[in-house]
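Below: one structure, written as structure tokens.
FYI, side chains are in, hydrogens and waters are out, and symmetry mates aren't considered; it's all heavy atoms of this structure. Convention: sequence-line order gives letters A, B, ...; per-chain numbering from 1.
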Amino acid sequence: MARYNAKESEKHWQGEWDQRALFKTPDHGTKPKYYVLEMFPYPSGRIHMGHARNYTMGDVIARFRRAQGYNVLHPMGWDAFGLPAENAARDKGVSPRDWTYENIAHMREGLKMLGLSIDWSREFATCDSEYYHQQQKLFLQFYKAGFVYRGEADVNWDPVDQTVLANEQVIDGRGWRSGAAVERRKLSQWFFKITAFAEELLNALDTLDKWPEKVRIMQKNWIGRSEGLKFQFTLSDGEKLDVFTTRPDTLFGASFVALSPDHPLTQELAKTDLKLQDFIAECRKTGTAEAEIEKAEKLGYDTGLTAAHPFDPNWQLPVMVANFVLMGYGTGAIFGCPAHDQRDLDFAYKYGLSVVPVVVPSDADVKTFAVGTEAYVGPGKLANSKFLDGMTVEEAKAEVASRLEKTGVGERTVNYRLRDWLVSRQRPWGCPIPMVHCVKCGVVALKESDLPVLLPDKIDFSKSGNPLDRDLAWKNITCPTCGGPAHRDTDTLDTFADSSWYFARFCDPHAQDPVNKAAADYWLPVDQYIGGIEHAILHLLYARFFTRAMHKLGLISISEPFAGMFTQGMVCHETYRDADGWITPDEVVKEGGKAYRKDNHAPVEIGSSEKMSKSKKNVIAPEAIISDYGADTIRWFMLSDTPPERDIEWTDAGAEGCWRFVQRIWRLVSEAEGLPAPGTKAAPTDDVSKALRQSAHKAIAAVTEDLAGLRFNRAVAQLYMLSNAITDAPKADAAVRREALEALVLLSAPMMPHLAEECWRALGHQAFVAETSWPTHDPALIVSDFVMIPIQVNGKLRASIQITRGTPGETVQERALALEPVIRALNGVPPKKIVYVSNRILNIVV
RNA sequence: GCGGGCGUGGUGGAACUGGUAGACGCGCCAGACUCAAAAUCUGGUACCGCAAGGUGUGUCGGUUCGAUUCCGACCGCCCGCACCA
């Protein structure tokens with residue numbers, strides 16, 4: 001029989017599926033719905049192994065659920081706005097639009113080669129004017145609902161490129177492209193009010209029981225809720241100063257008040273204080289890199305002001321400016337309690353401030369307890385604190401809070417680490433913000449009927465700065481309110497906005513409104529979402545926020561977009577280098593565990609396995625593997641061995657092994673002789689047949705369970721076992737062999753769909769596997785009549801015996817005690833105790 | 001520093017709610033087929049030992065008839081956050 005020709009076969013079946021539109025999904029029906037979605041790709045140009053892994057996993061789930069009788073939505077689109085297109089446009093003189101759509105065409109072809117069961121009729125790109133038109137509508141609705149506001153923001157400003165830089169684009173304080181020293185500027189920008197949803201975004205995490213615990217914890221930390229007290233100090237100049245604390249209990253241990261260098265009061269004082277100006281400049285020198293912050297010395301500046309202690313007007317605390325107080329958290333001002341906060345302690349020692357312990361551990365003596373170089377942050381009893389003395393930390397917190405609340409000086413508050421989402425980007429390749437700035441009326445929203453605000457056909461990258469800002473024909477318009485001169489907002493939305501609602505758009509990608517509610521109500525939430533862990537915080541949090549905002553606007557009925565979430569690991573490969581630097585895998589030959597250059601056989605150093613990346617040159621193109629071995633091989637590799645959440649290492653040997661298995665299944669099916677017609681059922685006539693049938697049904701049960709639990713590597717192992725069982729039983733009844741082979745084909749179909757179709761046809765079926773139901777197992781068949789019982793003496797394995805299931809313990813015990821190795825191990829000592837776990841194990845204790 | 005995760009053969013990894021550790025794959029070894037090679041098939045493969053047997057899931061201890069699994073301490077690696085008051 002001829003070898004399986006993957007290339008021909010895959011092309012053939014992809015054509016057949018396409019022609020019959022097998023994966024086109026109706027928006028209704030009697031079947032239960034299942035929405036499986038992989039994070040849509042950025043159209044960088046080519047698909048890479050990470051895509052292959054991600055989309056293979058999603059496709060397995062889609063095909064599996066479809067076979068199980070679900071109406072499956074499995075769409076694909078393109079996260080198509082973003083910086084790489086601008087860079088390509090600038091460097092190669094092409095239009096970002098053309099560049100992007102060409103890349104999409106390439107990548108679509110690449111994805112189709114993988115044989116994904118996608119409903120391509122729903123495809124869209126976020127740079128389609130149809131999509132960003134709807135996004136602009138959403139923006140206006142958010143604006144009207146108060147979810148969008150304009151505020152001042154500190155930004156990284158590149159004075160040469162005349163643009164705002166993301167934090168990642170600032171390298172050693174300089175712009176990544178221009179190399180110019182980046183300035184901090186205050187700009188008026190658009191914000192999404194995500195903090196208004198902080199509480200519900202946090203609380204709802206507990207309901208996401210099909211999300212990885214890790215992702216939920218990361219989001220929880222990111223939102224960063226802390227309960228505390230906000231209260232006022234009265235300063236020596238009569239002004240009031242708000243501070244936030246989570247430790248009001250330590251108020252009697254206060255020895256100073258500290259302001260952030262960015263605090264308005266600091267700024268105010270600096271106007272007349274040159275030294276303070278110098279100090280602020282000094283603070284700003286400290287970089288934002290982790291290592292620097294770690295090492296940064298605590299710096300302080302005494303403003304000369306003092307603050308009255310809230311419980312004792314005569315007790316004046318010095319007001320300092322301190323470099324470790326952040327403007328972005330709380331109120332940007334704190335009271336310092338050195339004994340119970342490490343930062344405050346370091347600061348106090350440096351500036352000679354008092355250190356008074358006010359919380360004493362219960363096993364320490366109140367009179368002698370002192371704080372050394374480490375602040376005491378544990379539990380204990382209050383001391384040196386007048387009316388708080390003797391209370392626990394919790395009691396004291398409550399007491400201070402209620403006293404300050406009573407006098408109107410303070411209030412219990414909840415603080416979040418989460419900041420509002422700044423969405424303005426000074427970039428031309430994004431969704432234009434549909435707002436207008438009028439000389440007379442100020443900021444004005446466009447009317448919905450004025451939409452879409454289309455990007456100009458030609459974007460001029462020849463000069464620095466934002467091209468939209470220079471395109472006067474585009475920029476200048478009349479005010480929608482007064483008809484006077486006005487100009488468009490020349491900023492575009494952060495591309496994270498584009499990916500925050502695309503899953504809802506797939507439900508009806510050409511709806512006249514952002515979301516077709518009926519379709520969305522049918523399909524949402526996404527039942528299984530799959531993507532990289534790198535999106536654990538931002539993308540998932542933004543999408544959750546959008547969903548809640550859309551829900552509040554009545555656009556959709558759900559408030560959480562993704563019922564199930566799965567984060568897959570990266571694809572890695574060995575790295576190679578010689579004296580000249582990194583070398584690509586196809587320039588290398590490996591012999592006996594060592595690597596050499598192909599061209600001159602010079603030795604090459606084999607480095608660690610790293611995530612495939614252009615910089616390390618350890619990239620293998622999926623297309624190359626598909627053309628050598630076929631899509632089913634690469635798919636099988638992606639699912640084998642390594643659990644899906646972990647990083648997988650691509651190896652040539654592994655790929656060859658997968659390819660051999662493809663051939664092996666084909667051989668098993670195509671060389672099977674004397675099989676009865678499809679549909680023939682017959683009871684097994686001998687033990688070999690019975691055992692094979694049992695193997696098949698065990699595999700059905702196990703693979704079904706493993707796929708449902710996304711344990712692809714275990715499902716793969718089950719299929720190897722089933723194929724081994726078939727190989728080992730060539731003499732089994734023909735009807736049983738057919739049953740086992742059919743199980744093998746159907747169970748492997750989600751993972752190797754082309755091969756499965758070819759085998760299914762070879763087994764005499766006319767229907768497509770893609771429209772054939774998932775097999776079910778007979779529970780009675782997977783229970784064996786016999787079990788092996790390990791016999792232990794003192795917990796050590798000495799023998800094992802086969803028993804009939806359900807044999808009484810006494811019988812098992814009797815037989816065990818008669819065994820030669822058991823007698824030897826007991827050495828004549830009578831057993832003290834015998835533990836028998838029915839049908840499981842027997843342990844004899846001496 | 002805080003939060004989370006993980007340590008199992010040469011290797012990727014299995015082991016359900018504590019019950020024969022190493023399933024399955026890769027690699028390797030031997031054999032068959034072949035003039036030869038590839039492909040394929042058969043057998044073997046944790047470690048020590050000829051064997052009987054002993055040892056073994058990062059280290060040390062605990063609970064248990066029995067621990068990769070539960071508890072405590074430590075060591076190592078990885079990820080996230082980070083002067084968050």
Give each protein N/O atom lying under 3.5 Å from an N/O atom of nucleotides 43-52 of chain B, with the pair distance.
unit_1	atom_1	unit_2	atom_2	d
rA52(B)	O3'	R824(A)	NH1	3.1

Residues within residues 788-796 of chain A bordering RNA chain B, heavy-atom distance below 4.0 Å: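 By residue number: M788(A), P790(A), Q792(A), K796(A).
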Contacting residues from residues 327-340 of chain A, given that a heavy atom lies under 4.0 angstrom of RNA chain B: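 By residue number: Y329(A), I334(A).
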[X] [atom1] to [N] [atom2], straight-line distance once rounded to whole Å:
X       : N       : atom1 : atom2 : value
N221(A) : rG4(B)  : CG    : P     : 8 Å
N839(A) : rG19(B) : CG    : P     : 16 Å
E645(A) : rG12(B) : CD    : P     : 15 Å
R646(A) : rU8(B)  : CZ    : C1'   : 11 Å
F324(A) : rC83(B) : CZ    : P     : 12 Å

Using the side chain to side chain contact (heavy atoms under 4.5 Å, CB included) criterion, which residues pair with P264(A)? Sequence neighbours excluded.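 Counting only residues at least two positions away or on another chain, P264(A) forms a side chain to side chain contact (heavy atoms under 4.5 Å, CB included) with M327(A).
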What nucleotide among [options] has an atom nearest to a side-chain atom of [X]?
X       : options                   : answer
R798(A) : rG54(B), rC81(B), rG19(B) : rG54(B)
L797(A) : rG3(B), rC84(B), rU20(B)  : rU20(B)
L326(A) : rC84(B), rA39(B), rA14(B) : rC84(B)
S226(A) : rU40(B), rA85(B), rC83(B) : rA85(B)

Atom pairs under 3.5 Å, N or O on each side, protein against nucleotides 22-30 of chain B: can you list them with distances?
unit_1	atom_1	unit_2	atom_2	d
rG27(B)	OP2	R660(A)	NH2	3.3

Give each protein N/O atom lying under 3.5 Å from an N/O atom of nucleotides 77-79 of chain B, with the pair distance.
unit_1	atom_1	unit_2	atom_2	d
rC79(B)	O2'	K214(A)	NZ	3.2

So does R667(A) get a side-chain nitrogen or oxygen closer than 4.0 Å to the phosphate oxygens (OP1/OP2) of rC41(B)?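 So the side chain of R667(A) is within the cut-off, an N or O lying under 4.0 Å from OP1 or OP2 of rC41(B).
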